[in-house]
Amino acid sequence: MTITLLNYAQYQIGWLIIVISASRAQPWLGMALALTLVCGHILLCRTRRVEFTLVILTGSIGLLVDSVNVMLGVLSFSTGTVDFMPCPPWIVVMWMQFATTFRHSLRWLVGRPALTALCGAVGGPLAYTLGTKFGVVSMGPPMVLSLGILALAWAVTLPLLMWLAGRHARTGYRFWS
């Protein structure tokens, strides 16, 4: 239970570090710190290769999802963008860090696709709404439509990610054994 809470706290701290650094026009600092948390997580896991693969897959899927949302005008990022990507690298790192929760603090969602879709439909748009409060992302008008598109995207994406995580039943950190 304590490890689960630490895993959840690690994600929340990383999310906040990324957002605050992006809001201060220093996204690379937040990315470096968050990637350090991701690497620490992977090093503590018994199944490092599985965790690493899940982190890379999630970053790739997140890049695709957020790039499509940027191209549709649903999202617009105000800081840390680069010419060759529709969405900034810091948001990809945030997706990668989110992956560290799938087999740990969010493992209770594995095998529950309807509940996972509901959590995605609520949690995804909520995270972007919080990002708007920090000034790092804005949503296209009308905002209700953008929130609806984000809810749909997350209702599909989170169950996919949890399915990928659930394909590997053995979870836990090395120091558990």
Side-chain angles (χ1 to χ4, degrees), residues 8 11-35 37-38 52-103 105-106 109-110 112-167:
Y8 179 74
Y11 169 70
Q12 294 300 323
I13 290 167
W15 188 93
L16 196 56
I17 287 170
I18 293 170
V19 170
I20 289 172
S21 69
S23 73
R24 294 183 176 172
Q26 297 175 323
W28 307 107
L29 176 61
M31 285 175 54
L33 292 171
L35 285 172
L37 290 173
V38 170
F52 178 77
T53 301
L54 191 56
V55 163
I56 297 302
L57 280 172
T58 301
S60 301
I61 290 169
L63 172 62
L64 176 66
V65 169
D66 280 346
S67 292
V68 168
N69 282 320
V70 167
M71 290 185 279
L72 291 175
V74 173
L75 297 174
S76 176
F77 294 95
S78 59
T79 183
T81 58
V82 292
D83 291 337
F84 58 90
M85 290 172 60
C87 62
W90 61 262
I91 196 75
V92 176
V93 172
M94 191 176 289
W95 280 89
M96 293 168 75
Q97 190 177 30
F98 186 44
T100 67
T101 65
F102 298 159
R103 298 177 61 239
S105 58
L106 292 181
L109 287 174
V110 173
R112 298 178 171 153
L115 181 59
T116 303
L118 178 62
C119 288
V122 173
L126 179 61
Y128 291 96
T129 301
L130 289 172
T132 66
K133 304 299 181 195
F134 283 91
V136 297
V137 65
S138 58
M139 291 185 218
M143 189 167 176
V144 169
L145 178 61
S146 291
L147 287 170
I149 292 170
L150 287 171
L152 179 61
W154 275 84
V156 171
T157 304
L158 188 56
L160 169 66
L161 293 171
M162 293 307 294
W163 175 80
L164 289 170
R167 294 188 62 208

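Each residue takes its place number in the sequence, starting with 1.
Residues Leu150 and Met139 meet the side-chain proximity criterion, which asks for heavy atoms closer than 4.5 Å. Taking the side chain as every heavy atom from C-beta outward, Gln12 and Leu16 never approach each other to under 4.5 Å. Looking at Thr100 and Tyr8, their side chains never come closer than 4.5 Å, going by heavy atoms from C-beta outward. With a 4.5 Å cut-off on side-chain heavy atoms, Leu109 and Cys119 count as touching.
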Exercise for the section: Apply side chain to side chain contact (heavy atoms under 4.5 Å, CB included) to the pair Met96 and Ile56, showing each step before the final yes or no. Expected result: CA-CA 7 Å; Met96 293 168 75; Ile56 297 302; 4.1 Å; yes

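Contact record, Tyr128 with Leu75: CE2-CD1, 3.6 Å, taken as the closest heavy-atom pair. Nearest approach of Thr58 to Ala99, heavy atoms of both residues: OG1-CB, 3.4 Å. Taking each heavy atom of Leu63 and Cys87 in turn, the nearest pair found is CD1-SG, 3.6 Å. When all heavy atoms are compared, the tightest approach of Phe102 to Val110 is O-CG2, 4.3 Å. Closest heavy-atom contact between Pro86 and Val70: O-CG1, 3.4 Å. Between Trp95 and Gly59, the shortest heavy-atom distance links the atoms CB-CA, 4.3 Å.
Side-chain atoms of Ser138 do not come within 3.5 Å of backbone N or O of Thr132 as any donor-acceptor pair. Of the possible polar contacts, one joining the Ser21 side chain to the Ile18 backbone as a donor-acceptor pair under 3.5 Å is found. The closest donor-acceptor contact from the side chain of Ser23 to the backbone of Ile20 lies under 3.5 Å. The closest donor-acceptor contact from the side chain of Thr157 to the backbone of Trp154 lies at 3.5 Å or more, if one exists at all. A donor-acceptor contact shorter than 3.5 Å is absent between the side chain of Thr116 and the backbone of Pro159. Using modelled atom types, no side-chain atom of Trp163 and backbone atom of Leu158 make a donor-acceptor pair closer than 3.5 Å.
The six-membered or imidazole ring of Phe98 lies away from that of Trp15, with a centre-to-centre distance of 6.0 Å or more.
Separating the CG atom in Leu160 from the CD1 atom in Ile61 is a distance of 4.5 Å, to the nearest 0.5 Å. Distance check, rounded to the nearest 0.5 Å: OG1 of Thr129 to CG of Leu147 gives 5.0 Å. Rounded to the nearest 0.5 Å, atoms CD1 (Ile91) and OG (Ser67) are 10.5 Å apart. To the nearest 0.5 Å, the span separating OG1 on Thr79 from CZ on Arg24 amounts to 12.5 Å. Here the CE-CH2 distance, from Met94 to Trp90, works out to 5.0 Å after rounding to the nearest 0.5 Å. Atom CG of Leu57 is separated from atom OG1 of Thr53 by 6.5 Å, given to the nearest 0.5 angstrom.
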